[in-house]
Amino acid sequence: MKSLGVTVGNTCCCDIDMHSGDYGGIIFERGFFFLLVINGTAKLSDIYGNYGLNSGNLVVLTPSTTSSIEHFDADFSLKIIYIVPSYFDCLPDGQPLYNQVARYLGNYRLPVFILESDRFSYLKQTMALFGDRLNIMNVYHDGIIRNLCNFFLLQMADALCVENNDTTVFVKRENEIFRNFKKLLVENYRKHHSIGFYADSLNITTTYLSRVVKSVTGSTVCFHISKMLCSDARRLLECTDMDIKEISDMLGFSDQSVFGKFFMRKTGVSPLKFRMKNDLQRRDK
């Protein structure tokens, strides 16, 4: 994003166009990314599944997800806005949008939406406002960016209220608690695997945190912790040459055996067999 896009304050905007560049896979992780597919088709993937992308799709990616886009066709083009997570957290209008995507975060699905044509065109115009022109604003630079971000987030939230007609437009306290839990989780999942740490950090009981997370996402606190750990473990096994004990230590497991049992339970194979299978598939390509 930094090399291809334009950084403005705590945001970065980028246009991906197959006609003007030769792109490999694009990886999104540890940030708030908002993707609008302008033209063509591609495949969005995470460790749990694949999604076909077409013109008119809006994708909202949160810091707790890791995904990639590949298999572009020749006409594929995409607009991307990135917002620094700590900045997103301080924006007053971030929570309504997060409220609309929270239900996706507990059921192995990425938030991929189809926008109506009018909303698609208007959102495309808004995304075009991010860019170099904002950097000529001197006196009110920060305020302009902050208000543009809030407008952009509310514009998407308003569009998704139509898509998610079964999701309340009001931000309940439990949604705020869940958002704070996910923020803590992204920062601490390698060091803290127990619900007690997150409940204590939020000054609530473990029972209440369990009830909130289950209500918002349909999944347990342990599910969310395990999902982050498993996703990170798979990435480290696939993309690094760290040995399994090093990965076990990095992810906060008491020893390699405990990590191996955890990984086996979540994926059906041992860490070693997972790495060997991945290496074999890579050689075959």
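Note that the structure is predicted; figures quoted are calculated from it, not measured.
- At a cut-off of 3.5 Å, with distance as the only test, no side-chain donor of Thr207 or Thr205 sits close to an acceptor on the other residue.
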Only pairs under 3.5 Å count here: list side-chain donor-acceptor contacts from residues 120-132, not counting sequence neighbours, and write none if there are none.
unit_1 : atom_1 : unit_2 : atom_2 : d
Ser121 : OG     : Ser117 : O      : 3.1
Thr126 : OG1    : Tyr122 : O      : 3.2
Thr126 : OG1    : Gln155 : OE1    : 2.7

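- A 6.0 Å sphere centred on CG of Asp118 holds no more than 12 heavy atoms belonging to other residues, nucleotides or ligands.
- Put simply, the side chain of Ser215 never gets that close to the backbone of Arg211: no donor and acceptor are under 3.5 Å apart.
- Minimum heavy-atom separation, Gly52 to Asn57: O-OD1, 3.7 Å.
- In this structure, OG1 in Thr41 is found 8.0 Å from CZ in Phe76, a value given to the nearest 0.5 Å.
- Side-chain N or O atoms of Asp46 include one that pairs as donor or acceptor with a backbone N or O of Gly49 at under 3.5 Å.
- For Ala199 against Leu209, the heavy-atom pair with the smallest separation is N-CD2, 3.7 Å.
- In the hydrophobic cluster analysis, where Ile, Leu, Val, Met, Phe, Trp and Tyr join through side-chain heavy atoms closer than 4.5 angstrom, Val258 is grouped together with Ile247.
- Put simply, the side chain of Asn180 gets close to the backbone of Glu176: a donor and an acceptor are under 3.5 Å apart.
- Hydrophobic clustering (ILVMFWY, side-chain heavy atoms < 4.5 Å, transitive): Val101 and Tyr51 are in one cluster.
- Distance alone, capped at 3.5 Å, places no donor-acceptor pair between the Asn188 side chain and the Lys191 backbone.
- Linking Ile, Leu, Val, Met, Phe, Trp and Tyr whenever their side-chain heavy atoms come within less than 4.5 Å puts Tyr208 and Ile195 in one cluster.
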**Report entry** Pair Ile80-Phe28, side-chain contact (heavy atoms from CB on, under 4.5 Å): steps then yes or no
**Finding:** CA-CA 11 Å; Ile80 306 171; Phe28 303 94; 4.0 Å; yes

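- One finds the CE atom of Met137 at 9.5 Å from the CD1 atom of Ile145 (value rounded to the nearest 0.5 Å).
- Under the 4.5 Å side-chain heavy-atom criterion for ILVMFWY residues, no single connected hydrophobic cluster contains both Phe151 and Tyr98.
- Looking at every heavy atom in both residues, Tyr87 comes nearest to Asp142 through OH-O, 4.4 Å.
- When all heavy atoms of Met228 and Leu185 are compared, the pair lying nearest together is CG-CD2, 3.8 Å.
- Distance check: Ser194 OG to Ile225 CD1 gives 7.0 Å after rounding to the nearest 0.5 Å.
- Rounding to the nearest 0.5 Å gives a distance of 11.0 Å between CZ of Arg234 and SG of Cys239.
- Looking only at side-chain heavy atoms (C-beta outward), Phe113 and Val60 come within less than 4.5 Å of each other.
- At least one side-chain heavy atom of Phe72 sits under 4.5 Å from a side-chain heavy atom of Ile26.
- One N or O on the side chain of Asn150 and one on the backbone of Arg146 form a donor-acceptor pair closer than 3.5 Å.
- A distance of 8.5 Å separates CE of Met18 from OG of Ser77, quoted to the nearest 0.5 Å.
- Between the Thr11 side chain and the Ile83 main chain, no donor and acceptor come within less than 3.5 Å of each other.
- Phe181 is not listed as a side-chain neighbour of Leu184, based on a closest heavy-atom distance of 4.5 Å or more.
- Not one N or O on the side chain of Ser248 forms a donor-acceptor pair closer than 3.5 Å with the backbone of Ile244.
- Under a 3.5 Å cut-off, the side chain of Asp249 and the backbone N or O of Glu246 do not form any donor-acceptor pair.
- Annotation: salt bridge (Lys or Arg N to Asp or Glu O under 4.0 Å) contacts involving residues 181-190, sequence neighbours excluded, comprise Asp89-Lys183, Arg190-Asp232.
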**Report entry** Chi angles and distances behind the side chain to side chain donor-acceptor pair (under 3.5 Å) call for Asn50, Ser45
**Finding:** CA-CA 4 Å; Asn50 302 313; Ser45 303; 2.8 Å; yes

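- For the pair Lys79/Cys13, no side-chain contact is recorded, criterion being any heavy-atom separation below 4.5 Å from C-beta on.
- Val186 and Val221 fall within the same hydrophobic cluster, defined by Ile, Leu, Val, Met, Phe, Trp and Tyr side-chain heavy atoms under 4.5 Å apart, directly or through other members.
- Nearest heavy atoms, Asp158 versus Arg119: OD2-NH1, 2.9 Å.
- No side-chain donor-acceptor contact under 3.5 Å links Arg109 to the backbone of Tyr104.
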Query raised in the report: Between Phe262 and Leu251, is a side-chain contact (heavy atoms from CB on, under 4.5 Å) present by the stated rule, with each step listed?
Result: CA-CA 11 Å; Phe262 165 82; Leu251 296 181; over 6 Å; no

Query raised in the report: Step by step, would you call Ile204 with Val212 a side-chain contact (heavy atoms from CB on, under 4.5 Å)?
Result: CA-CA 11 Å; Ile204 58 177; Val212 164; 5.7 Å; no

Side-chain donor-acceptor pairs of residues 29-39 under 3.5 Å, sequence neighbours excluded:
unit_1 : atom_1 : unit_2 : atom_2 : d
Arg30  : NH2    : Tyr189 : OH     : 2.8
Asn39  : ND2    : Asp75  : O      : 3.4

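- A donor atom on one side chain and an acceptor atom on the other are found under 3.5 Å apart for His224 and Thr217.
- The two atoms that bring Gly94 and Leu153 nearest to each other are CA-CD1, 3.8 Å, heavy atoms only.
- Of the possible polar contacts, none joining the His141 side chain to the Val8 backbone as a donor-acceptor pair under 3.5 Å is found.
- Atom CD1 of Ile69 sits about 7.5 Å away from atom CG of Leu61, to the nearest 0.5 Å.
- Between Phe259 and Lys245, the closest side-chain pair of non-hydrogen atoms is not below 4.5 Å.
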